[in-house]
Undergrad: 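For reference, the structure I am asking about is given below.
The chains referred to below are lettered A, B, ... by the order of the sequence lines, with proteins before strands, and numbering in each begins at 1.
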Protein chains: 2
Amino acid sequence: MAEAATTDGGAADEAAFLAAYDPRDYEPVAVTVDVVALTIRPLDTAATSSAAVKPAATTTESAADDAVPALHVLLVRRGQAPFAGRWALPGGFIRATVGPDGSRVEEDLDQAAVRELAEETGLAASLDRRAADRRLGRVYLEQLATYGTPGRDPRMRIISVAYLAFAPDLPDPTAGGDAAAAAWVPVASVDRAEMAFDHARILADGLERASSKLEYTPLATAFVAPEFTITELREVYETVWGQPLHAPNFHRKVLSAPGFVEDTGATTARGGARGGRRARLYRAGSARLLHPALLRPAQEEAQ
Amino acid sequence: MAEAATTDGGAADEAAFLAAYDPRDYEPVAVTVDVVALTIRPLDTAATSSAAVKPAATTTESAADDAVPALHVLLVRRGQAPFAGRWALPGGFIRATVGPDGSRVEEDLDQAAVRELAEETGLAASLDRRAADRRLGRVYLEQLATYGTPGRDPRMRIISVAYLAFAPDLPDPTAGGDAAAAAWVPVASVDRAEMAFDHARILADGLERASSKLEYTPLATAFVAPEFTITELREVYETVWGQPLHAPNFHRKVLSAPGFVEDTGATTARGGARGGRRARLYRAGSARLLHPALLRPAQEEAQ
DNA sequence: GCAATAGTGTCTTTAAGACACTATCCC
DNA sequence: GGGATAGTGTCTTAAAGACACTATTGC
């Protein structure tokens with residue numbers, strides 16, 4: 001051990017002299033990456049109601065103004081056993097690619113998550129390696145947890161690294177990509193008991209993490225357009241937390257947290273559809289943490 | 001897909017009819033579990049000062065009363081390349097055991113973490129499966145994050161699931177177990193640049209998680225004996241956060257958080273070594289979250 | 001008595017929450 | 001004008017933080 005301690009940090013140098021681990025010392029495992037991708041979009045009442053009947057709005061706002069925003073999760077319907085026909089989180093095995101010089105290039109876990117999300121949504125992956133966080137276009141991505149209980153896949157031992165993604169309203173996945181069976185599903189209408197594998201548990205963990213992150217980070221801004229109103233921001237909180245918030249107090253709390261939002265000076269082009277004042281437009285500020293935090297209203301617990 | 005949707009939840013039944021995944025679809029990866037085990041113990045000045053000279057205290061308190069408590073992390077000194085001679089987190093490959101009926105039994109990730117910790121500390125593992133959390137004796141354990149960047153081990157692709165453990169003052173690892181090179185090292189004196197693999201990063205993530213968890217959970221009680229004084233609890237916070245706290249206010253804040261601590265009615269047998277009132281003894285309460293939280297003093301940031 | 005340690009009283013400042021109110025816009 | 005939406009004023013309560021003070025113990 002003495003020689004290694006004196007040659008400083010020569011991990012790459014050492015590698016050439018190292019034999020591989022004895023294959024008897026470990027057992028190879030299949031590793032997958034699953035993504036809990038969340039977005040906020042209007043409930044799709046169009047498919048069941050009068051979308052074609054309603055005259056199209058003259059503005060660029062295609063969504064109905066009276067649409068109810070709801071939290072959606074990206075799910076794929078499995079085409080094969082096990083759990084064929086059930087909803088599952090998008091994901092897949094981590095890969096290795098063959099580089100231009102013929103060498104094998106292993107895929108980073110974060111890269112795999114970005115790739116899976118891009119494949120399902122049809123969006124081009126644009127990994128911003130300068131930022132501390134991984135971004136797919138305007139999608140924020142972070143690691144959630146790893147699930148490896150034996151038997152979670154009935155066929156073989158699979159360890160799954162789950163990621164959590166926050167996205168502004170994205171196009172329907174069927175518009176592009178290769179996952180014809182993928183869709184944004186309202187979280188409230190997901191039948192958790194019918195989900196494949198342990199994905200209901202992963203989804204629940206992702207939702208709890210998302211709710212928690214809204215409290216002490218400015219991540220709510222990842223769900224809205226680059227310029228947004230305080231009301232739009234409040235709707236993010238109300239949608240994720242599932243309860244209405246006091247609008248005047250929310251307004252003040254957002255503006256009192258330094259670096260949360262930044263005034264653009266502009267306002268919306270017009271007020272609400274049925275009248276109302278124009279709203280000031282903000283963009284995301286530079287803070288990474290909120291001080292003071294926006295705590296969830298205290299839950300009523302059984303005393 | 002229809003038949004699977006109609007037979008309810010028959011994952012185990014399906015398994016018998018399933019072929020294994022095509023080995024070309026995935027690449028097997030070696031998975032390890034690493035543990036960031038933290039404890040609070042007096043700085044070991046005994047080895048360099050007058051431990052043998054000082055007359056032993058007549059009480060059961062063997063530690064010197066004027067010893068400075070410090071945060072320690074369990075590390076092992078690597079005996080072989082790569083990174084031979086460097087400090088590393090305890091850990092190892094996940095295993096499979098052969099059950100009594102000859103069948104292979106895969107190891108859960110949590111189990112692997114408990115086993116690694118038990119092997120290094122020489123403590124018997126006693127997994128309490130009824131509790132939501134895994135406990136090794138009085139050790140609290142939770143998953144931290146997963147690290148899988150290619151090249152983090154120079155020999156082969158290894159994905160490591162890191163765990164975070166909180167423990168009351170444990171015996172020195174050399175007292176038992178098979179890891180002769182393991183030791184509790186004061187966190188402040190760890191040379192992060194000299195640590196093996198990406199373990200410095202994992203340690204940093206673990207320390208941040210620990211600091212954060214103290215704020216909104218009662219986990220500080222995992223660092224102290226089953227019965228403890230408010231002052232001992234405050235020393236946990238001061239040690240982990242690395243800054244002194246206002247004792248009178250801390251006292252009130254702890255008692256005002258419902259379910260944090262529970263009065264035993266007893267007091268310490270005697271006051272401080274140099275005089276002082278006897279302290280009331282408390283045990284951990286039933287709360288899982290603290291309301292209100294004990295927030296870290298605001299950091300002075302560059303404005 | 002005196003130093004040391006544990007614990008309480010109370011005041012100021014900050015933040016949370018509720019309610020009333022003003023400002024501006026579309027029709 | 002009138003309804004709708006955005007935003008402000010202000011009061012009450014809770015919590016954070018600072019300081020002075022009391023209580024109890026070992027020596």
Undergrad: Just how far, in rounded Å, is C1' of D/dA16 from CG of A/Leu295?
TA: 14 Å
Undergrad: From C-beta outward on A/Arg277, which listed nucleotide comes closest to its side chain: D/dT8, D/dT24, D/dT5?
TA: D/dT5
Undergrad: Between D/dA6 atom C1' and A/Arg234 atom CZ, what is the distance in whole Å?
TA: 10 Å
Undergrad: Do B/Arg274 side-chain and C/dA4 base share a donor-acceptor contact under 3.5 Å?
TA: no
Undergrad: State, with a plain yes or no, whether a side-chain heavy atom of A/Pro226 is found less than 4.5 Å away from one of A/Arg283.
TA: no
Undergrad: To the nearest Å, how far apart are A/Glu232 CD and D/dA6 P?
TA: 9 Å
Undergrad: So if I take every side-chain heavy atom of A/Arg270 and compare against D/dA6, C/dC27, C/dT8, which nucleotide ends up nearest?
TA: C/dC27
Undergrad: Hey, does B/Thr231 reach any base, or is it just sugar-phosphate, or nothing, if we go heavy atoms under 4.0 Å?
TA: sugar-phosphate
Undergrad: Under 4.0 angstrom, heavy atoms only, what part of the nucleic acid is A/Ala257 near: base, sugar-phosphate, or nothing?
TA: nothing
Undergrad: Picking from D/dG7, C/dG9, D/dA16, which would you name as closest to the side chain of A/Ile230?
TA: D/dG7
Undergrad: Measure the distance from NE2 on B/His251 to P on D/dA23 and round it to the nearest whole Å.
TA: 15 Å
Undergrad: Please give, in whole Å, the distance from C/dT8 P to B/Phe250 CZ?
TA: 14 Å
Undergrad: Using atom CZ of B/Arg296 as one end and atom P of D/dA15 as the other, report the distance to the nearest whole Å.
TA: 21 Å
Undergrad: Is it the case that the side chains of B/Glu142 and B/Tyr140 hold a donor-acceptor pair, with the cut-off being a distance below 3.5 Å and no angle test?
TA: yes
Undergrad: Return the minimal non-hydrogen interatomic distance between A/Phe223 and A/Ala167, and the atom names on each side.
TA: CD2-O, 3.4 Å
Undergrad: If you assign each of A/Ser256 and A/Gly275 to its closest nucleotide in DNA chain C, which residue comes earlier from the 5' end?
TA: A/Ser256
Undergrad: Using the side-chain heavy atoms of A/Arg278, tell me which of these nucleotides is nearest: D/dA20, D/dA18, C/dC26.
TA: C/dC26
Undergrad: Nearest to the A/Lys253 side chain among C/dA16, D/dG9, D/dG7, which nucleotide is it?
TA: C/dA16
Undergrad: Could you check how far CG of A/Asn249 sits from P of C/dT14, rounded to whole Å?
TA: 18 Å
Undergrad: In whole angstrom, give the distance that lies between atom NE2 of B/His246 and atom C1' of D/dA20.
TA: 10 Å
Undergrad: Could you work out which one of D/dT8, D/dA15, C/dT10 sits closest to the side chain of B/Arg252?
TA: C/dT10
Undergrad: Indicate yes or no: does B/Glu232 engage B/Arg280 in a salt bridge with an N to O separation below 4.0 Å.
TA: no
Undergrad: Both B/Leu281 and B/Gly276 contact DNA chain C. Which one's nearest nucleotide lies toward the 5' end?
TA: B/Gly276
Undergrad: Does the pair B/Arg209/B/Asp205 count as a salt bridge with the N-to-O cut at 4.0 Å?
TA: no
Undergrad: Quick check: on DNA chain D, is the nucleotide nearest B/Ala269 upstream (toward 5') of the one nearest B/Leu294, or the reverse? Name the residue that is more 5'.
TA: B/Leu294
